[in-house]
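This report concerns only the one structure given below.
In what follows, every chain begins at residue 1, and chains take the letters A, B, ... in the order their sequences are listed.
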Protein chains: 2
Amino acid sequence: MAGVKDVARLAGVSVATVSRVLNDSAPVTEATRVRVLAAVDELGYRPNAVARSLRTDTTRTIGLVIGDILNPFFTELARAIEDEARASGYSVVIGNADERPERQDHYVRTLLEQRVDGLLLCPTAQITPLVRDVVSGGAPLVFLDRTLPGLDVPTVRADGTAAIGALVSHLAGLGHRRIAFVSGPALLSTGRERTAAFTAALRTAGLPVRPEYLEAGDFQAASGRAAAARLLDLPEPPEVIVAGDNLMTLGALDEIRARGLAVPGDVGIASYDDVPWFTHVDPPVTAIGQPVQELGRRAVRALLERIGGRPVEPVVLDARLVVRRSCGEPGAQGNESEGSGRP
Amino acid sequence: MAGVKDVARLAGVSVATVSRVLNDSAPVTEATRVRVLAAVDELGYRPNAVARSLRTDTTRTIGLVIGDILNPFFTELARAIEDEARASGYSVVIGNADERPERQDHYVRTLLEQRVDGLLLCPTAQITPLVRDVVSGGAPLVFLDRTLPGLDVPTVRADGTAAIGALVSHLAGLGHRRIAFVSGPALLSTGRERTAAFTAALRTAGLPVRPEYLEAGDFQAASGRAAAARLLDLPEPPEVIVAGDNLMTLGALDEIRARGLAVPGDVGIASYDDVPWFTHVDPPVTAIGQPVQELGRRAVRALLERIGGRPVEPVVLDARLVVRRSCGEPGAQGNESEGSGRP
DNA sequence: TTGTACGCGTTATCAG
DNA sequence: CTGATAACGCGTACAA
């Protein structure tokens, strides 16, 4: 493959000049400029980013390690992050941790070796030694969606406390008293926080906190299904199940349907996370939506600040309740007409 | 950051020896070996992949350019590809073309500059000059999901001809005669092929081919919705709408629901592409599923072959019909109990 | 405005 | 088995 040297020879200039016109890092005569560009074109020259990075010690690349690429929440997040990064001239390398610490570590290690300029990490439940190293090593790092206890890293996330409060009071207003919650891993901030908000909201609404209604899953569909099974097997099953993320909601729905139960007649369901297809489920699922686009944007901006060596404040946005009809809400039989089509 | 040189000094050996133990590219005394490893550990040395790549002219990285990261089909595909690649010691860098040729080109260019060892490309509708260059440039390249006319590139894809035939005959068996099809872009092989298979199937089933029932979308939800609107506005609207991918199905469902129509009573729907949530729609959506996992695996293997300089045969797998209840199929009221939870 | 020459961190070659 | 050293392709002082 052609290199600067070839271009230089063909254009009859030195490699330095070629480099200068390619990066316009110094004034160059218009005449030589066009000669160089012509040579570039003729040879189909493609700058070698590897060599450039070695020299400049910067890759214009950020790493993104997400929890689960099959989870639409992360997918939307990745999309937003990509868009924002591209606008700033950065590429994004995505690693899918699949919620497994060892796989997260694999990608963190790989990305670090590839010398990404910074790292956006949705940390898995356990703090691995590697992550601890990276934190203390001072590489530009921003946590996304989740915090880890005891680690001093700027985090960009949504807070669902208010929305969960609104949900519980919505449910109480509907006359429900037996409300169950399927949380994420207790080690995850998103797991703990949502559970805490839920029990607090229960108390505020004057409802009892029944331990048997507090289930824990791992943010995967299978665990949501298992948790729903345990809840429905209870002597006094809940009237409504609130699942801690969209995948566990999917799993819970599976279990409910497999038992031939009606929603919301036999049991209601609500979800933390909102996804496009919730509108099409029968009945449409009441959910708590996060400002995903904004989350992605802010995360990239925060990371770029860190890369620039500037300090960064944590970012906390609010989630919001989207009432539909899966919890026994009164309302028209027909679907509301939220469009899923992007313009 | 520490380099081989630092490690060498600390271990009291030469850089060459350090390199040798790190890559075990040559026999090394056990004693020096442990000394080097100790030094690596002590310094928290992380090999610089950039420098390594510059020297070895290989990045152990493949590029993947997908059509749309918000489309679950591509998401699953990406997941499968990643798994297979990782198993072979490769990283995957994903670029999201968002079905836009210029964005596809952006990523192709970027990935090429980053010197990925090979490229997996789901080409957008138009053949761009860049893609043509790459093809003739001889970089290891495999098309995925879609072919482009007139380009000699190995392709890994699923063929839906048989499945579409099965779907149409299934619909005809149900007594439907007015069946509409919303295809993808005619420029895309997946668009053309599915349309051709559909009309052929119509003929085989002895049904008339009515041009007003042949709509074209762009594989995005909005276009599915618009197409459905046009079809439902027809003086004699179709009994069943078959959408060419899962996003257009989503859009069509939006339109149907917005009009307060019942599925399948007023109009039936079927989808090319199967996604987990189809099970939860009311009624569950009859669909054509592609062997996504296998597609991903085969694509990676094919690309690795090409990277190894070996020739590759095109791979064509079969899609299959999954009958559910959105087209007026008789059957139990309750849902079938397909689980969405992965084990 | 342009050219020469060095070095980025590795691996590979060639002597020892 | 080990060490010294030349590349890899590029950016950038420094000199002209």
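- Between A16(A) and T29(B), the residue anchored closer to the 5' end of DNA chain D is T29(B), taking for each the nucleotide with the nearest heavy atom.
- Atoms CZ (R46(A)) and P (dC10(D)) sit 13 Å apart, rounded to a whole Å.
- Nucleic acid contact for T17(A): sugar-phosphate only, since backbone atoms but no base atoms lie under 4.0 Å from a heavy atom of the residue.
- A salt bridge between E305(A) and R310(A) is present, with a side-chain N of the basic residue lying under 4.0 Å from a carboxylate O of the acidic one.
- Going from atom CG of D57(B) over to atom C1' of dG9(D) covers 10 Å, rounded to whole Å.
- For R20(B) and A51(B), each mapped to the nucleotide of DNA chain C holding its nearest heavy atom, the one lying further toward the 5' end belongs to A51(B).
- Salt bridge absent: E313(B) and R306(B) never bring a charged side-chain N and a carboxylate O closer than 4.0 Å.
- One interatomic measurement links the two molecules: CG of L22(B) to C1' of dG9(C), which rounds to 12 Å at whole-angstrom precision.
- Under 4.0 Å is where a charged nitrogen must lie from a carboxylate oxygen, and between R103(B) and D68(B) no such pair does.
- The CG atom of L43(A) sits 15 Å away from the C1' atom of dG9(D) (whole-angstrom rounding).
- Summarising the geometry, the separation between CD on E113(A) and P on dT10(C) is reported as 10 Å, rounded to the nearest angstrom.
- For the pair Q114(A) CD and dG9(C) C1', the interatomic distance rounds to 16 Å; values are reported in whole Å.
- Both V28(A) and S19(B) lie close to DNA chain C; mapped to their nearest nucleotides by heavy-atom distance, the more 5′-ward contact belongs to V28(A).
- Residue contacts for N23(B): at a heavy-atom cut-off of 4.0 Å it reaches the sugar-phosphate backbone alone, with no base atom in range.
- Nucleic acid contact for V50(B): none, since no nucleic acid atom lies under 4.0 Å from a heavy atom of the residue.
- Contact annotation for S25(A): no contact, since no heavy-atom pair falls under 4.0 Å across all strands.
- Within 4.0 Å of S53(B), counting heavy atoms only, lies no atom of the nucleic acid at all.
- Candidate nucleotides dT5(D), dG9(D), dT10(C) were compared by shortest atom distance to the side chain of N48(A), and dG9(D) ranks first.
- At dT10(C), none of the side-chain N or O atoms of T56(B) fall inside 4.0 Å of OP1 or OP2 (strictly under the cut-off).
- In this structure, the side chains of V156(B) and L295(B) come closer than 4.5 Å at one or more pairs of heavy atoms.
- Between the CZ atom of R35(B) and the C1' atom of dG3(D) there is a distance of 14 Å, rounded to whole Å.
- Residue order along DNA chain D, read from the 5' end via each residue's closest nucleotide, puts S14(B) first among S14(B) and L54(B).
- Residues R297(A) and E294(A) are paired through a salt bridge, judged by an N-O separation under 4.0 Å between the basic side chain and the carboxylate.
- The base of dG9(C) is not paired with the side chain of R55(A) by any donor and acceptor separated by under 3.5 Å.
- Taking atom NZ of K5(B) as the reference point, atom P of dT10(C) lies 9 Å away to the nearest angstrom.
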